[in-house]
J.: 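Got a structure here, written out as C-alpha cells. Questions coming.
Because only heavy atoms are used, hydrogens play no part in the values below, and waters and symmetry mates are left out as well, while side chains stay in. So you know, we letter chains A, B, ... as the sequences are listed, proteins then strands, and number each from 1. Computed from a predicted structure; not experimentally measured.
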Protein chains: 2
Amino acid sequence: MTVISKTAAGSAEGSTEIERDRRRPTINDIARLAAVSKKTVSRVINESPFVKEETRARVNAVIDELGYVPDPQARGLAFRRSFLIGMIYDNPNPQYVVNMQQGILDALKGSGYELIIRPVVRSDPNFLSDMRAFVERQKLFGVVLPPSVSEDERLAALLNEIDCPYVRIASVPLDEAESMVVTHDHMGGAAAAKHLLAHGHKVIAHISGPLTFRSAHERRRGFCEALAAAGVGMPDAYVMEGAYTFESGMACGEALLALSPRPTAIFTGNDEMASGVLQAARKAGLRVPEDLSVVGFDDFQIASRLWPPLTTVHAPTTDVGRIAADRLIRGEDDGRARRYDPDSILPYLVVRESSGPAPA
Amino acid sequence: MTVISKTAAGSAEGSTEIERDRRRPTINDIARLAAVSKKTVSRVINESPFVKEETRARVNAVIDELGYVPDPQARGLAFRRSFLIGMIYDNPNPQYVVNMQQGILDALKGSGYELIIRPVVRSDPNFLSDMRAFVERQKLFGVVLPPSVSEDERLAALLNEIDCPYVRIASVPLDEAESMVVTHDHMGGAAAAKHLLAHGHKVIAHISGPLTFRSAHERRRGFCEALAAAGVGMPDAYVMEGAYTFESGMACGEALLALSPRPTAIFTGNDEMASGVLQAARKAGLRVPEDLSVVGFDDFQIASRLWPPLTTVHAPTTDVGRIAADRLIRGEDDGRARRYDPDSILPYLVVRESSGPAPA
DNA sequence: ATGCTCAAGGTAACCGGTGTCATAAATCGC
DNA sequence: GCGATTTATGACACCGGTTACCTTGAGCAT
C-alpha cells in the first residue's frame, strides 16, 4: 500500500536516485509505470469506455500498487468544478444541524466528495451576494438546502443562475421533484392527532412554529385536518403560533393553560416548544400526563431527558440528509436519479410518558 | 461589482465579441487590464514587498473593479496546499459539535479558508489510515482537534509525519503550547466545589466522565482539590465514574442517592449526566434543590430546559474553537503566534435553580 | 566612465489533472 | 482485399495560479 518508493526507482531522469521519495504519486508516475500516456490514465480514472480491457487492467494494477488517488484540486481545476458539497443552513437547533450533517456525510463517505458547512443568517443584507461569492469561489459541486434556507426562492434562483446543482429539503414540493426531498410533515401532525384522539382527548390545543415556515404550516395542517376528520374541533384560541423556541413554548403554554375549558392535550411544532410547555405545566401545578398530555415533534435527544420523557413525532433528519446528498452526487446517472422510497423518511410517532388518557 | 463584461471588451483575440462574457475574471484578465504580467498580479495578491506603490494601486484598482477573487483550487494546486481547515472530532454531543464549528467558522470568516468537518470513530481499525488518506488527499491547510481526538498521540504523530499543522484542544498542555489551546477544566471543577461549599454542603458526591478523558480527570481533580482545601472530604463511594451519558448519569445518580448518609449535592462531569441525576432524584422522590443540589458542566441549551433549570459550569466551547482556528490560519505570523488571553476562555459557574443551601 | 547592487518586473516552467484533435490499429461492408 | 468506420491511444494546449530564474534600469561607490 505504501510502496511509493517505487516511483523513484522507476524514474531516472536527471534526479539523484534517492530524492523525490515520499511524494504522493501523480498521474505521470502511473502513466510512466504503466507505459501509457497520462491521458489514458485519466481515461481509466474516469471510466471512459474507450480503453482496452487489457490496458485498463494494467493501469489499475499500477494505481493499486502505488495507492494512487487523483488530486481533487488538480482535477477540479481542469473540471472547472470542485468536489465539495455545501450545506447551507439557518436552522438554529444543534441536533438538527448535526443529524443533517451526519446524513450528508454518510452519503459522501467513500465518494471522494467532502462537505463544507455554511451557517447563514438569511436576513443579512449581504446574504445573497455572500452566497454567490461562496458558491462561485469554491465552484461547489452542489449544495444541500435544509429548511428554512430551502424555502428561499431568491437563493434557488441564484443557484440556477450560476448553474450550481442543489437539493432542497422541505415539507412540500417546491418545484419539480428532482431537486427536492419532501418530508411530508403533515403526516407527522396527523400521527400526533390520532394518538391524542385514541386517548380520548377532546379539548386539544396546538402551538405551531412560525407559519412562515412550511414545516410549521404542514405540521399544523396535518394535525388540524386529522382532528377535524374525527369531528373534534379546535377553537381559534386553542391554536397559537410560537417561534420554535423554548421561551415561546413556555409563553404559549401558559396562555393555553389559562383557557377555560383548559386543554387536556397540547401538540407542539417541535420538541423545544414542548419543553417550554412542560415548564409551563409545572408552574401551573399540573401533572403530566395525568392532567395534561404533551406531544412534541422532532424526537431529538432532549425528548428523553425531559420529565416526563416526551412523546414526540420522530423526524428522520439524518435519513433525509443522506438521501439529499445522494441525489446530488449520483446526479442524473441512469436516466433519472434513483428515486427514493418516500416511506423510508416519513415521520412517525414515538410514545413516551408525557401523553396518556384524557382526564375524566 | 459585476462589471465582468469588461473582460470581454478588453480581449479581442480570435473570439467573437460577445462570447466569454459572464466568466469569473482570472489573473490573466487582471494582468491585461492593468498592463502588467500575471506574475506581478500574483505579487500584489500575495502582498510581496517588491511592487512599486503605483503599480500596486493600479492592479488593485482593476481587481476591485472586476471583483476578482483568486481561484482557491488553482492557488492550492501551485501552493501544494489547500485552503481547507479540517475539524476532526468524535465528541457525540451535538451542541458541543455545533458550538465548536461555530467558533471555527467565526475565525475563518472572510479569511478565504473553508471548514471541512470529519466525525470519526477512533476505535475503528482504519482510523489512522483513513485520516492519512483524508489529510493528504485534501492537502489540508491544518486541522483542529477537539477532545478526545486531541488526546490521540498516534494521530498527532501522523500529522507531524505528513507535515500537517494542527491545533489540539485539551484540558491540559499535551505538548509545547504553540499547538494547543488549554481549557483549564480543573478550574471549572473548582468553581462548582466552591459554590456547593458556600451553600454549606458537607456530604457531596461526584460523577465524573470516563477517566480516560482528560476533561473528566481534570474536572474531577479541580473539584476534589477544592473540597479538600476546604477540609471537606469525599469517601471513595461518593466518587463515581460515569460515561458522560444520560443513562450513566441516571444509574450513578441512583447509586449515590442510595448511600447513607445521602449526599446533599452532586456535581457531574457534564450536563447530560446531570439530567440523568435529575431523573434519578425524581424517581427517588427527592426535591431539587431542597433535598438535593445538582451542578453540571457545559452549560448547553438543555441546562435551561431541564426542571429545575440546571446550575452548571459554562465551558466556552465556541471561543475555544475560534481561538484554535485563529491560531491555525495566523500561523507564526509575527514572530510567535499571537498568544491568546487564557482568561477569555476559562470556565465559569452559571447559577440556576438546581442548587441551593444544604438541607438542615 | 565602469562595475556592482538592488528594486521592480517579466518569462517560462510547473502544479496535476482534463479537453480537443490527430492518428494508429482493429473491425466492417461488400 | 481495400476504403470506411470504429476503437484505442497519444500529443498538446489549457485550467488559474505560483516558483525559479532572468532582465532591466536606477543609484552609488570607485
J.: In whole angstrom, give the distance that lies between atom NZ of A/Lys52 and atom C1' of D/dT6.
T.: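 Going from A/Lys52 (NZ) to D/dT6 (C1'), I get 14 Å.
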J.: For D/dG10, does the base pair up with any side-chain atom of A/Arg43 as donor and acceptor (N or O, under 3.5 Å, distance only)?
T.: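 Indeed there is one.
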J.: Specify the residue among A/Arg56 and A/Lys139 whose closest nucleotide of DNA chain D lies further upstream toward the 5′ end.
T.: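 On the 5' side of the pair lies A/Arg56.
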J.: Atom CZ of B/Phe50 and atom P of D/dT19: how far apart are they, to the nearest Å?
T.: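 Roughly 14 Å, once rounded to whole Å.
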J.: By nearest heavy atom, map B/Val51 and B/Ala78 onto DNA chain C; which one lands nearer the 5' end?
T.: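 Whichever sits nearer the 5' end wins; that is B/Val51.
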J.: Calculate the interatomic distance between B/Lys39 atom NZ and D/dT23 atom C1'; express it in whole Å.
T.: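 About 15 Å, once rounded to whole Å.
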J.: For B/Arg80 and D/dT18, what is the distance between atoms CZ and C1' respectively, to the nearest whole Å?
T.: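 The distance from CZ of B/Arg80 to C1' of D/dT18 comes to 9 Å, rounded to the nearest Å.
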J.: What is the nucleic acid contact for A/Val41, judged by heavy atoms within less than 4.0 Å: base, sugar-phosphate only, or nothing?
T.: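 No contact at all - A/Val41 keeps every heavy atom at 4.0 Å or more from the nucleic acid.
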J.: Could you tell me how far apart B/Asp29 (CG) and D/dG16 (P) are, to the nearest whole angstrom?
T.: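 Spelled out: CG on B/Asp29 to P on D/dG16 is 9 Å.
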J.: Report yes or no: is the cationic atom of B/Arg24 (NZ for Lys, CZ for Arg) closer than 6.0 Å to the six-membered ring centre of B/Tyr68, at no more than 45° off its axis?
T.: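 No, B/Arg24 does not sit over the ring of B/Tyr68.
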J.: For the pair made of CZ in A/Arg58 and P in D/dA8, what is the distance, rounded to whole Å?
T.: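 In whole Å, D/dA8 P lies 14 Å from A/Arg58 CZ.
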J.: Is the shortest side-chain heavy-atom distance between A/Leu105 and B/Ile117 below 4.5 Å?
T.: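 Counting from C-beta outward, A/Leu105 and B/Ile117 do come under 4.5 Å.
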J.: CD1 of B/Ile27 versus C1' of D/dT19: gap in Å, rounded?
T.: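 After rounding, the reported distance stands at 13 Å.
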J.: Given side chains that start at C-beta, do those of A/Ile162 and A/Leu158 come closer than 4.5 Å, heavy atoms only?
T.: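 Yes; the side chains approach each other to less than 4.5 Å.
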J.: Reading DNA chain C from 5' to 3', where do the contacts with chain B start and stop? Cut-off is 4.0 Å to heavy atoms.
T.: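 On DNA chain C, the outermost contacted nucleotides are C/dA7 to C/dG16.
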J.: Could you tell me how far apart B/Arg23 (CZ) and D/dG16 (C1') are, to the nearest whole angstrom?
T.: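 Roughly 10 Å, once rounded to whole Å.
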J.: Is the backbone N or O of B/Arg322 less than 3.5 Å from a side-chain atom of B/Asp326, with the two atoms forming a donor-acceptor pair by type?
T.: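 Pair absent, no side-chain N/O of B/Asp326 close to backbone of B/Arg322.
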J.: Check every strand shown and say whether A/Thr40 touches a base, only sugar-phosphate, or nothing at a heavy-atom separation below 4.0 Å.
T.: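 Contact class for A/Thr40: sugar-phosphate only.
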J.: For the pair B/Glu114 and A/Arg137, find out whether any cationic side-chain nitrogen is under 4.0 Å from an anionic carboxylate oxygen.
T.: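 The answer is no: the pair does not qualify as a salt bridge.
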J.: More 5' along DNA chain C: A/Pro70 or B/Ala35, using each one's nearest nucleotide?
T.: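 Between the two, 5'-proximity favours B/Ala35.
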J.: With a non-hydrogen cut-off below 4.0 angstrom, is A/Asn46 in contact with a base, only sugar-phosphate, or nothing?
T.: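 The answer is sugar-phosphate, as A/Asn46 gets under 4.0 Å only of primed atoms, P, OP1 or OP2.
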J.: Excluding sequence neighbours, so at least two apart, what forms salt bridge (Lys or Arg N to Asp or Glu O under 4.0 Å) with A/Arg58?
T.: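 Checked A/Arg58 against salt bridge (Lys or Arg N to Asp or Glu O under 4.0 Å); zero matches.
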J.: Under a 4.0 Å N-O cut-off, is there an ion pair linking A/Glu151 with A/Arg168?
T.: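 No, no charged N to carboxylate O under 4.0 Å.
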